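Taking it in order: structure first as structure tokens, then the write-up.
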2 protein chains.
Amino acid sequence: MPTNDNSVNIQNSAERYHHGDLRSALVEEGLKRLESGPAEALSLREVARNVGVSATAVYRHFPDKAALLRALTEVGGERIAEYFKAAMAKERTGKDAFNAMGRAYVRFALANPALFRLMMSPAVRGGATGEPDSQGMQMLVGALNDLSGGKMSSEEKYIRRLQSWSVVHGLAMLMLDGLVPHDDKLIDQVLESRIV
Amino acid sequence: MPTNDNSVNIQNSAERYHHGDLRSALVEEGLKRLESGPAEALSLREVARNVGVSATAVYRHFPDKAALLRALTEVGGERIAEYFKAAMAKERTGKDAFNAMGRAYVRFALANPALFRLMMSPAVRGGATGEPDSQGMQMLVGALNDLSGGKMSSEEKYIRRLQSWSVVHGLAMLMLDGLVPHDDKLIDQVLESRIV
DNA sequence: TTGGCATGTTATCAGCGTAAACATAGTCGG
DNA sequence: CCGACTATGTTTACGCTGATAACATGCCAA
């Protein structure tokens, strides 16, 4: 028998008084619910119910609903970073890399609508102004900086960065909100030709 | 005494059983509440309370909460159209006109955050895909079409239109979500230099 | 072994959207 | 002028929600 088995003992967790790893289970269930509806339609009670635990058990792991949602956005940050990594792995040059990142950004948004919205929502990000410091955002900013040529002032770079982020973010939101049809080819076309 | 006085008889409407023009009052109060918080934080009961009417009176004028919100977006459509008209009145050439419209778009969003979000939210627009057919959107589309030169195919025009809308919409959302500081000069800079 | 602490539960509260039944009053045909 | 119809209000009630307080359980360390 191994001495360092730190995995949680499962054995039909539904019947045990203590769940074992309730926090993770709540996060996982929360993510699952975000796949079938917006964050506003996510109720703590439903999450608890689906995990098989009382409604108020959630409060042993999260001070309130916003805290659970914040935990979900952290997972979202990790996931979009994976999208970016995969996109960057193929394209290496500045322009191609940024285009790949842009596609990844929009596709992530379309693949995870509720989660993406949640990640961007100010209520859950604490209302603090400034770019999120997640790994994914840092990658995006890096790609944007690589993209802009060396002869620009730092202010010019900043404006370029904002322009690029705006196109990508705007396209993602417009598609998410059903104002523009979801169409992979369209994403490429909008992000490709670089004159606006 | 005039014979054709079709104005509502006011006289201390709080004490009369019938309100007189409850529907308008509800819409007005709804708009006021949107000035101090997001649409998700707007409750029918609170609106009714502030208007001085019972909670369920709302249902004589709107089948459900979404219907009231939809009425608010209609007012929003009229208001953004006014922004656009004012912007277009000054600048007439294609490029300047579009820049002016873009500034108006972003400024409207920043001046009416909750209302703007509501107007874009798919839940309230019935979930139908396609551009909203409000007067404001038609003006925006018109300006975008004017902007693109005559030598483009209609598909190219469409892509250009999407790109322009994406920058403007993206910048608005990023500022609204607190990811980019609210700064009038920044708006001009991002919308001005046309190479992305 | 035992006592404390982390982690569950039950009971309860106020607020929400909404439906059903009832009340009031303005309008229109006789 | 009067009575019924209809539009528009109210009261009551239901089930859902987020959240707090008090109580129960069981793991772990002294």
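Only a predicted model underlies this, so the values are computations on that prediction, with no experimental measurement involved. To find a chain, count down the sequence lines: A is the first, B the second, and so on, and within it residues start at 1.
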Assess whether a salt bridge exists between B:Lys90 and B:Asp96, defined as any Lys/Arg side-chain N lying under 4.0 Å from an Asp/Glu carboxylate O. no
Under the side chain to side chain contact (heavy atoms under 4.5 Å, CB included) test, residues paired with B:Arg45 that sit two or more places apart: B:Ser43, B:Arg49, B:Ala55
Go through the side-chain N and O atoms of B:Arg33 and B:Ser36 and say whether any donor and acceptor fall under 3.5 Å apart. yes
Both B:Arg60 and B:Glu46 contact DNA chain C. Which one's nearest nucleotide lies toward the 5' end? B:Glu46
When all nucleic acid strands are considered with a 4.0 Å heavy-atom cut-off, which category describes B:Arg23: base, sugar-phosphate, or nothing? nothing
C:dT9 P sits how many Å from A:Arg49 CZ, rounded? 14 Å
B:Glu46, CD atom: more than 12 neighbouring heavy atoms under 6.0 Å: yes
Spacing between B:Asp21 atom CG and C:dG26 atom P, to the nearest angstrom: 15 Å
Here the distance between atom C1' of C:dG17 and atom CD of B:Glu40, to the nearest Å, is 16 Å
Using whole Å, what does the distance between atom P of nucleotide C:dT18 and atom CG of B:Leu44 come to? 6 Å
Mind running a 4.0 Å heavy-atom check of residues 61-72 of chain A against DNA chain D and sending the residues that fall below it, in number order? A:Asp64, A:Lys65
Taking the six-membered ring for Trp and the full ring for Phe, Tyr or His, determine whether the centres of A:Phe98 and A:Tyr105 are under 6.0 Å apart. no
Could you tell me whether B:Arg107 and B:Asp184 make a salt bridge, using a distance below 4.0 angstrom between a side-chain N and a carboxylate O? yes
Pairs under 3.5 Å (N/O, protein and nucleotides 10-14 of chain C):
{"residue": "C:dT10", "atom": "O4", "partner": "A:Thr56", "partner atom": "OG1", "Å": "2.6"}

Checking the side chain of B:Lys65 only, and the main-chain atoms of B:Leu42 only, is there a donor and an acceptor separated by less than 3.5 Å? yes
note: A:Tyr59, atom OH; D:dA19, atom P; distance rounded to Å ~ 4 Å
Could you state the interatomic distance from CE (A:Met173) to OG (A:Ser166), rounded to the nearest 0.5 Å? 12.5 Å
Here the distance between atom P of C:dG15 and atom CG of B:Leu42, to the nearest Å, is 17 Å
Any donor-acceptor pair under 3.5 Å linking the side-chain atoms of A:Gln163 with those of B:Gln189? no
